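All values reported here derive from a predicted model rather than from experimental measurement. Along the sequence shown, residues carry numbers from 1.
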Amino acid sequence: MANPNYASLKPLSTQELDKKWIDIWKEKPARLAKVGSETKDLENYYALSMIPYPSGNLHIGHLRVYTISDVLARYRRMNGFKVIHAMGWDAFGLPAENAAIERGIDANVWTQSNIVKMREQMNTMLADFDWEREFISCNPDYYKWTQKLFLLLREKGLAYQKESMVNWDPVEKTVLANEQVDADGRSWRSGAIVEKKMLSQWFLGITEFAEPLLNDLNLLDQWPERVKTMQKNWIGKSEGAKVIFPVQEGHDLKELQTFTTRPDTLFGLQYLAIATNNPIALEYAKKLPELAKFIEESKDLPDDTKAGFKIPDFYVANPLTPEVFDIPVFVAPYVVGDYGHGSVMGCPGHDTRDFGFWTENMPNQPIKSVINPPKDHEVSEEIYTGKQGFLNDNCGPFSGLSSSEGGKKIVELLSQKQLGGFDVQWRLRDWLISRQRFWGAPIPIIHCDSCGTVPVPDEDLPVLLPEGLGAPLSHSEEFAHTHCPSCGGEAKRETDTMDTFMDSSWYFFRYTDPKNDKSIFSYEKASELMPVDIYIGGIEHAILHLLYSRFISKFLHSNNNWSGGDLNGEPVRRLVTQGMVHGKTFNDPDTGKFLKPDEVDLTNPDKPLVKKTGKEAFITFEKMSKSKYNGANPEECIQKHGADATRAHILFQAPVEDVLSWDEGKIVGIKRWLSKIKTFTEKVSDDLDSARESGKLEDIVSKSRSLDIAKLSGEDRKLWIDVQKLLRSITNSFHDDLSLNTVISDYMKLTNFITSSKKVSTPVLLYSFESLLKAISPVAPATAEECWELIQKSVNPTNQWTSIFKEDWPKLEEIPAELGRFSIIINGKRRFVLNAPKNLVGNDQALRDLILKSEDAQEWLAGKNITNFIVPPKGFAVTINTD
């Protein structure tokens with residue numbers, strides 16, 4: 001018979017279903033289903049996805065990462081955790097600034113309108129965020145605390161200003177940190193070739209934390225190895241030697257220092273190279289116009305240039321022969337100014353770059369070799385650059401030693417001569433945060449002619465951005481003009497803004513205490529909730545965002561702003577880097593060009609045809625872009641197929657860490673599965689209604705809540721075991737390995753087991769189906785809520801709606817071992833059969849103990865001496881012989 005509760009509701013389309021539950025959750029948020037006194041002692045779980053930039057449009061990549069975090073947050077709540085799953089906006093930055101300039105509007109107006117759009121899009125995808133914790137980085141109530149963070153760093157000497165050669169983006173007209181310049185010397189944002197400029201800039205002393213940032217990667221056993229390797233390489237610890245070169249008399253400079261990882265090659269030194277911004281080079285440039293011109297022109301040369309300028313009449317001595325000044329000094333653009341004292345040894349006989357530089361600048365000059373390769377070395381290059389060789393006769397008393405041992409002995413000698421010693425250098429440079437733009441957090445510093453650099457007092461924070469500004473802050477006299485908080489005299493505000501990575505380097509702390517207007521956050525709340533239990537975002541943030549976040553987190557720990565947790569101040573316990581989303585592209589087989597959707601005949605989706613030629617188009621999956629016409633609009637997908645189907649399809653198509661090849665055509669299988677669940681809900685509801693009319697409902701519901709596997713048999717027992725096995729697999733996928741694609745396939749298997757089971761009792765059917773609905777609820781919340789509502793109305797028509805998210809995750813029961821019938825043969829005759837777990841086959845002792853304890857064995861073997869007890873390796877016949 002039809003369920004009257006269901007009949008009173010017209011069947012809902014996917015759009016109506018989503019709207020119904022979005023509206024209900026606005027009034028009664030699903031995430032707040034378990035609140036009140038019972039949550040006080042619950043264990044915390046902090047699930048976090050990387051915050052988006054508010055462009056105004058949610059793309060498929062957003063949809064993937066937020067679906068993953070939402071699913072995991074819902075799962076943890078149902079498992080009894082007090083979950084934080086918050087959302088905010090990384091709202092400062094060049095895109096908004098450029099958009100405001102192009103459109104002639106206020107950057108804040110443009111940004112805030114985009115946030116409204118994207119927040120609604122997130123609601124449409126059924127993302128269950130803690131909106132009460134939301135922050136917007138461009139709002140004064142957030143950037144006030146970013147400014148306070150800067151001042152905390154300055155108090156500890158970790159924020160400072162200095163003149164420096166910086167990376168200048170000529171398109172965006174701002175400075176870039178080293179991390180924001182790619183291997184080809186291009187800006188990470190505009191793609192322009194970066195220029196070099198000398199400017200006074202603000203830096204953060206991340207290098208003070210280089211050692212713990214490197215060493216504590218070992219604590220992060222739940223981070224991808226690829227990310228840890230990238231950070232390790234970027235931090236770049238190098239162990240080697242400091243070498244001091246005496247300078248010939250007649251120069252103000254007495255010595256010149258460098259760092260090398262190859263002290264074993266010191267006898268092969270033929271030149272010294274210094275950076276173009278080395279103080280020695282700049283000093284000589286004042287005297288030598290040709291050097292000044294060389295330095296200026298070198299700014300446009302590639303990093304691997306072999307260009308050099310030999311400083312005339314300037315020689316240093318090899319510290320191994322300090323009385324001989326015959327080593328020329330070159331100014332060379334390839335030398336990095338802020339690494340290894342801004343100078344490098346030149347040993348052409350054992351370094352490829354040195355060889356190229358020497359032959360370019362000193363042609364026809366001999367190459368000095370001081371390391372002989374090992375005997376089994378295959379000669380494949382002009383010079384030997386390996387580290388497995390032996391010092392030759394050119395190395396005096398050290399000849400014959402291996403490179404490793406010889407290098408150590410040479411450094412020991414340098415140390416004795418006080419001309420060097422063992423040393424460590426880092427590739428990591430201090431973080432340059434100055435930006436010459438207007439859409440960023442102002443640096444809270446005042447410059448006073450009398451008092452110098454003065455921090456803005458706490459009571460004057462935040463330093464507010466002017467409204468409607470369309471140019472760098474330095475263009476605003478009104479903003480720049482102020483009075484010194486120390487002496488009261490005329491002063492000027494700092495007009496640089498902070499790198500937007502500063503805003504995103506600490507936001508997870510603010511989520512722990514989002515309404516605090518007295519301090520950046522409370523020690524107690526941050527210490528209770530941090531570190532983040534799981535953090536989900538793209539691999540592209542492996543260095544910039546994650547390295548800066550680790551630094552700030554460790555600083556805040558060292559500053560006693562939070563306890564540091566159990567990971568020595570690390571902010572994230574588990575990191576998940578989801579793969580990119582690629583879109584389907586169609587290529588013309590003749591020209592290879594990307595085809596627009598209206599240029600392809602998709603009558604047969606498996607055989608797309610080029611309309612113009614009738615030929616079959618090539619199909620590939622590539623990174624989504626406008627030029628490839630392979631983008632996908634998540635809003636359109638959700639509108640067409642429903643949020644649940646879209647979410648499940650995203651998870652099903654690929655493992656979390658893999659590239660997702662987005663193919664909307666395959667979503668039909670997901671929709672059939674969800675439809676099957678909805679249809680079966682009516683059957684279960686009808687069965688319950690019939691039971692209520694016959695007076696059996698109460699007994700059925702009671703039994704379904706307290707099933708005992710020991711009392712089940714036949715189809716009931718089989719279905720119960722199948723359900724438990726799949727629940728165990730689903731739970732493991734959520735909890736441990738995050739194989740969320742297999743979760744969807746397990747859902748489908750579980751659905752098929754339940755819907756195809758015959759002769760199953762109603763209590764077992766109800767238990768199984770309710771377990772299914774609970775299990776799918778993190779992924780398909782609207783479908784789960786809708787079906788749960790109908791089932792609960794059938795169970796108790798007078799009951800008010802109770803969210804499925806108030807329910808506990810299905811309990812995992814002990815699955816009994818599959819039983820087998822063991823034939824017990826005593827003295828050649830079959831005496832009895834014992835039902836025992838099949839997995840005892842081959843376990844002689846355990847099976848023997850079980851048999852001997854049985855009542856039948858007591859009857860047949862009492863008082864007898866067992867001479868033989870034979871358990872075959874396979875099969876179920878056990879032979880026992882007695883005297």
Side-chain angles (χ1 to χ4, degrees), residues 669 672-688 690-691 694 696-697 699-735 739 742-777 779-780 784 787-788 791 794-795 807-823 833-843 846-847 850 854 874-876:
R672 279 198 298 265
W673 161 63
L674 290 173
S675 178
K676 181 182 288 189
I677 291 176
K678 294 173 187 174
T679 301
F680 198 72
T681 303
E682 298 178 53
K683 176 196 181 317
V684 175
S685 182
D686 285 345
D687 289 348
L688 295 174
S690 298
S694 63
K696 298 178 181 178
L697 181 63
D699 182 57
I700 288 172
V701 173
S702 176
K703 287 180 178 178
S704 73
R705 305 287 190 263
S706 57
L707 292 177
D708 183 354
I709 181 60
K711 298 178 180 178
L712 297 181
S713 60
E715 290 298 311
D716 280 356
R717 181 185 180 88
K718 182 179 183 304
L719 180 57
W720 187 95
I721 290 175
D722 287 340
V723 169
Q724 277 294 320
K725 285 181 178 179
L726 283 169
L727 286 177
R728 195 170 298 277
S729 175
I730 291 166
T731 301
N732 181 66
S733 294
F734 275 130
H735 198 84
S739 52
T742 65
V743 164
I744 309 302
S745 59
D746 282 345
Y747 283 164
M748 294 177 175
K749 291 176 189 174
L750 184 54
T751 302
N752 289 335
F753 281 149
I754 294 170
T755 57
S756 63
S757 292
K758 307 297 182 184
K759 300 178 182 178
V760 174
S761 67
T762 306
V764 172
L765 187 66
L766 178 59
Y767 155 79
S768 302
F769 194 62
E770 285 188 336
S771 296
L772 171 64
L773 294 181
K774 292 175 188 176
I776 71 167
S777 62
V779 174
C787 296
W788 184 259
I791 295 298
S794 294
V795 170
E807 299 296 315
D808 291 332
W809 185 253
K811 185 179 179 182
L812 301 183
E813 304 282 0
E814 189 67 34
I815 300 175
E818 189 177 354
L819 297 180
R821 290 170 58 83
F822 288 85
S823 297
V833 173
L834 179 71
N835 290 321
K838 286 183 178 180
N839 59 15
L840 290 180
V841 172
N843 188 340
L847 185 55
L850 188 64
S854 69
K874 294 182 180 180
F876 295 90

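Atom CZ of residue Phe680 and atom SG of residue Cys787 lie 11.5 Å apart, to the nearest 0.5 angstrom. Rounded to the nearest 0.5 angstrom, Ser771 OG and Leu726 CG are separated by 11.5 Å. Rounding to the nearest 0.5 Å places CG of Leu766 at 7.0 Å from CD1 of Ile791. Taking CD from Glu770 and CG from Leu765, the interatomic distance works out to 10.0 Å, rounded to the nearest 0.5 Å. Here the straight-line distance linking atom CZ of Phe822 with atom CG of Leu847 works out to 5.0 Å at 0.5 Å rounding. Atom CD1 of Ile815 sits about 9.0 Å away from atom CD1 of Ile709, to the nearest 0.5 Å.
Between Pro810 and Ala775, the shortest heavy-atom distance links the atoms CG-N, 4.4 Å. Minimum heavy-atom separation, Trp720 to Glu814: CH2-O, 3.8 Å. Closest approach of Phe769 and Thr681 over heavy atoms only: CZ-OG1, 3.3 Å.
Put simply, the side chain of Lys749 does not reach to within 4.5 Å of the side chain of Lys725, judged on heavy atoms. Between Val723 and Tyr767, the closest side-chain pair of non-hydrogen atoms falls below 4.5 Å. Looking at Ile730 and Tyr747, their side chains come closer than 4.5 Å, going by heavy atoms from C-beta outward.
Formation of a donor-acceptor pair under 3.5 Å by the Ser777 side chain with backbone atoms of Lys774 is found in this model. The closest donor-acceptor contact from the side chain of Asn732 to the backbone of Arg728 lies at 3.5 Å or more, if one exists at all. In this structure, the side chain of Ser745 engages the main chain of Thr742 through a donor-acceptor pair within 3.5 Å. Distance alone, capped at 3.5 Å, places no donor-acceptor pair between the Glu813 side chain and the Ile721 backbone.
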Worked verdict on Ile677 versus Leu773 for side-chain contact (heavy atoms from CB on, under 4.5 Å) = CA-CA 9 Å; Ile677 291 176; Leu773 294 181; 3.9 Å; yes
Start with the C-alpha distance between Glu715 and Val764, add both sets of side-chain angles, then the distance that settles side-chain contact (heavy atoms from CB on, under 4.5 Å), and finish with yes or no.
-> CA-CA 9 Å; Glu715 290 298 311; Val764 172; over 6 Å; no
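Ring planes of Phe734 and Trp809: perpendicular class, angle over 60° (limits at 30 and 60°).
Remark: the Asp746 side chain and the Ser729 side chain contain an N/O donor-acceptor pair separated by less than 3.5 Å.
Each of Asp686, Thr679, Asp687 was scored for a side chain to side chain donor-acceptor pair (under 3.5 Å) with Lys683, with one residue passing: Asp687.
A cation-pi arrangement, defined by a distance under 6.0 Å to the six-membered ring centre and an angle within 45 degrees of its axis, is present between Lys718 and Phe753.
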